[in-house]
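Because the structure is a prediction, the values reported are computed rather than measured.
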Amino acid sequence: MSMLKRLWSSTEKNEKRNKEDHVEEIKEVQPYNPFTELLFLEHHKDIVNLLIKIDSKRCVTAADDCLAIVWDIQFGYRLVTLCGHSRPITHMMQLPSHSHTHRLVTSSSDKQIRIWDLDTGDCLDVLTEHQTSVRCLLLLENTKSFCSGGENLCLWSNKGTLLTTWTGQAEEEKNINFMLQIKNARLITASEKNLAVFVIGADGALSLIKQLPPHREPVKSLINIQEDVFASASLDGTIKLWRTDSLLSHRSFNVVSEPEGPNKTFPYSVQCMMCLHERYLCAAIGTGFAIYDTDIGEEILHKTNAHHSKINHITFACDGLFLCTGAVDGSIRLWSCEDIIRDSLVGSRGEAAKILHQTGSNTSRHIL
């Protein structure tokens with residue numbers, strides 16, 4: 001290869017790299033932004049990690065200061081502070097209303113699970129039988145029970161009574177970080193890179209029935225797509241779709257063959273996932289995001305660089321018209337998704353989705 005060709009090739013590669021690394025800047029004028037910053041909710045003394053909506057007027061947040069705070073969304077008032085944990089709260093979950101009482105369950109690395117009255121801020125019960133750091137909680141649908149995961153897997157009644165405990169013998173069965181309920185009274189758990197399937201018996205007993213083929217790296221997200229399909233995603237960026245009947249993986253997205261760079265890292269790891277209309281899977285991948293059509297197994301949009309840092313949360317806003325992404329650097333951006341929504345609602349792959357598939361990230365309309 002001549003020197004001229006080498007220089008030309010090098011210039012083309014640099015131009016391609018610079019184009020891929022480009023992150024759209026937020027402009028002062030945002031004509032498509034439907035939101036206005038109204039209030040700052042200031043009371044936490046450390047990083048806020050969790051936020052869940054209680055009803056149309058209230059939300060609750062939890063931070064590394066070991067507190068959970070219930071807020072009035074409309075006026076920004078702090079209603080009650082839930083104080084009692086001695087270590088950061090790892091998960092929050094709202095229980096079904098009981099005798100007109102709105103209850104919240106919090107778990108912590110202090111080995112406690114607490115049940116709170118959201119209206120008064122009173123702690124109704126402290127559950128200590130889990131005996132290890134509690135990493136996650138899951139409310140079981142169509143039952144009056146919930147699960148807690150960590151080194152142990154515990155099943156509780158909604159009143160706080162321990163029904164059963166399962167303790168893994170092998171190291172790969174411990175440290176449960178994610179849980180997912182699937183049909184036929186079964187439970188999927190993610191422990192590091194391993195996925196396990198449990199069945200909940202009529203007597204409330206938990207039984208391990210199968211270990212699924214593991215991911216190459218730790219699992220970072222676990223969600224339901226349809227009644228018959230669920231998805232798991234890992235640190236290396238691979239997304240797998242699984243059949244709930246056969247418990248076999250039938251499709252994969254964003255498969256990365258090898259780590260990249262001198263430090264052998266995975267820059268396109270999946271931090272979280274969401275599903276829209278039981279068909280479109282949206283995943284936060286590195287500093288960008290992608291949307292996949294799970295019915296036909298195709299990627300229809302991939303925005304490689306949506307933020308300057310990794311995206312750690314995604315959600316839909318305005319009844320699905322916008323995709324909202326939040327990154328480690330504290331920025332929040334909105335992206336127009338109405339074309340994809342329209343195609344999913346009519347149940348067909350229309351012209352808008354075809355254009356998105358052909359043009360990739362260039363069609364994604366950045367509005368904030």
Minimum heavy-atom distance between Met179 and Cys147, given as atom pair plus value: CE-O, 3.6 Å
Hydrophobic cluster mates of Leu235, side-chain heavy atoms under 4.5 angstrom, ILVMFWY only, any path? none
Could I get the full list of salt bridge (charged side-chain N to carboxylate O under 4.0 Å, His left out) partners for Asp228, not counting sequence neighbours? Lys183
Does Arg251 reach the main-chain N or O of Lys240 with its side chain, forming a donor-acceptor pair under 3.5 Å? no
Is Met274 close to Thr315 at the side-chain level, that is, under 4.5 Å between some pair of heavy atoms? yes
Between atom NZ of Lys57 and atom CZ of Phe75, what is the distance when rounded to the nearest 0.5 Å? 8.5 Å
Lys220 side chain vs Gln271 backbone, donor-acceptor pair below 3.5 Å: no
Is the closest side-chain donor-acceptor distance between His307 and Ser331 under 3.5 Å? yes
Is there a path of hydrophobic side-chain contacts, each under 4.5 Å between heavy atoms of I, L, V, M, F, W or Y residues, that connects Val70 with Ile73? no
Connected to Val48, directly or through other members, by ILVMFWY side-chain contacts below 4.5 Å are none
Quick check against the 3.5 Å criterion: does Arg279 have a side-chain atom that pairs as donor or acceptor with the backbone of Asp295? no
Given the rule in the side-chain contact (heavy atoms from CB on, under 4.5 Å) test, do Gln131 and Thr167 qualify, once you have shown the distances and angles that lead to the verdict? CA-CA 11 Å; Gln131 298 181 350; Thr167 302; over 6 Å; no
Hey, what else clusters with Val134 if you join Ile, Leu, Val, Met, Phe, Trp, Tyr whenever side-chain heavy atoms sit under 4.5 Å? Met93, Leu95, Val105, Ile113, Ile115, Leu124, Leu127, Leu137, Leu139, Phe146, Trp156, Leu162
Polar side chain donor-acceptor pair, Ser107 to Thr90, under 3.5 angstrom: yes
Heavy atoms, side chains only, cut-off 4.5 Å: are Phe289 and Cys272 in contact? no
Separation between CG (Leu206) and CZ (Phe198), nearest 0.5 Å, reads 7.0 Å
Does a side chain donor of either Lys310 or Ser269 reach within less than 3.5 Å of an acceptor in the other side chain? yes
Residues in side-chain contact (heavy atoms from CB on, under 4.5 Å) contact with Lys210, at least two apart in sequence or another chain: Val197, Leu212, Leu247, Leu248
Residue pairs involving residues 110-123 (criterion salt bridge (charged side-chain N to carboxylate O under 4.0 Å, His left out); sequence neighbours excluded): Arg58-Asp119
Ignoring hydrogens, what is the shortest heavy-atom contact between Thr143 and Asn158? Give both atom names and the distance. O-ND2, 4.3 Å
So, do Thr325 and His313 sit near enough that their side-chain heavy atoms are less than 4.5 Å apart? no
Please report the shortest heavy-atom distance between Ala233 and Ile239, naming the atom on each side. CB-CG1, 3.9 Å
Find the distance between CG (Asn184) and CG (Asp245) and round it off to the nearest 0.5 Å. 7.5 Å
Please check if Ile54 and Met92 belong to a single hydrophobic cluster, counting links between Ile, Leu, Val, Met, Phe, Trp and Tyr side chain heavy atoms closer than 4.5 Å. yes
ring-ring contact (aromatic ring centres under 6.0 Å, His included) involving Phe253 - partner list, sequence neighbours excluded: Tyr292
Using the rule that Ile, Leu, Val, Met, Phe, Trp and Tyr join whenever any side-chain heavy atoms are under 4.5 Å apart, tell me whether Phe178 and Leu138 fall into a single cluster. no
Value rounded to 0.5 Å, distance of CD1 in Ile176 from CD in Glu151: 10.0 Å
If the condition is side-chain contact (heavy atoms from CB on, under 4.5 Å), which residues does Leu180 pass it with, not counting sequence neighbours? Ile182, Ile188, Leu222, Asn224, Phe230
Residues Asp46 and Ala63: closest non-hydrogen pair is O-CB, 3.8 Å
Should Trp166 and Leu155 be marked as a side-chain contact (heavy atoms from CB on, under 4.5 Å) after you check the CA-CA gap, both sets of side-chain angles, and the distance that decides it? CA-CA 9 Å; Trp166 183 89; Leu155 180 66; over 6 Å; no
Just verifying a value: how many Å separate Cys59 SG and Leu51 CG, rounded to the nearest 0.5 Å? 4.5 Å
Which residue pairs pass the salt bridge (charged side-chain N to carboxylate O under 4.0 Å, His left out) test with at least one member in residues 66-93, sequence neighbours excluded? none
Do the non-hydrogen side-chain atoms of Leu118 and Leu79 ever get within less than 4.5 Å of each other? no
Show the numbers, then the answer: is there a side-chain contact (heavy atoms from CB on, under 4.5 Å) between His130 and Asn152? CA-CA 7 Å; His130 191 98; Asn152 302 325; 4.2 Å; yes
Non-hydrogen side-chain atoms of Asn49 and Ile47 separated by less than 4.5 Å: yes
Cluster overlap Val219 with Tyr268, hydrophobic side-chain contacts below 4.5 Å: no
Please list all pairs meeting salt bridge (charged side-chain N to carboxylate O under 4.0 Å, His left out) that have one or both residues in residues 130-146, counting only residues at least two apart or in different chains. none
Side chain proximity check, Cys282 to Leu276, heavy atoms < 4.5 angstrom: no
Could you grab the distance from atom CD1 of Ile285 to atom NZ of Lys303, nearest 0.5 Å is fine? 14.0 Å
Contact summary for Asn254 and Gly237, nearest pair of heavy atoms: ND2-O, 2.7 Å
Only counting residues at least two apart or in another chain, list the ones meeting side-chain contact (heavy atoms from CB on, under 4.5 Å) with Val229. Ile225, Gln226, Leu241, Arg243, His250
Ring pair (Phe, Tyr, Trp, His ring centres under 6.0 Å) pairs, two or more places apart, involving residues 102-123: none
Answer yes or no: is there a side-chain heavy-atom contact under 4.5 Å between Asp293 and Tyr280? yes
Under the criterion side-chain contact (heavy atoms from CB on, under 4.5 Å), I'd like the reasoning laid out for Phe316 against Leu323: C-alpha separation, chi angles, the key distance, then a yes or no. CA-CA 5 Å; Phe316 292 104; Leu323 175 69; 3.7 Å; yes
Does Asp65 use its side chain to pair, donor to acceptor, with the backbone of His44 at less than 3.5 Å? no
Evaluate the side-chain proximity of Thr81 to His43: yes if any heavy-atom separation is below 4.5 Å, no if none is. yes
Co-membership, hydrophobic cluster, residues Ile311 and Leu301, 4.5 Å side-chain: yes
At their closest point, which heavy atom of Ala327 faces which heavy atom of Ser309, and how far apart are they? CB-OG, 3.6 Å
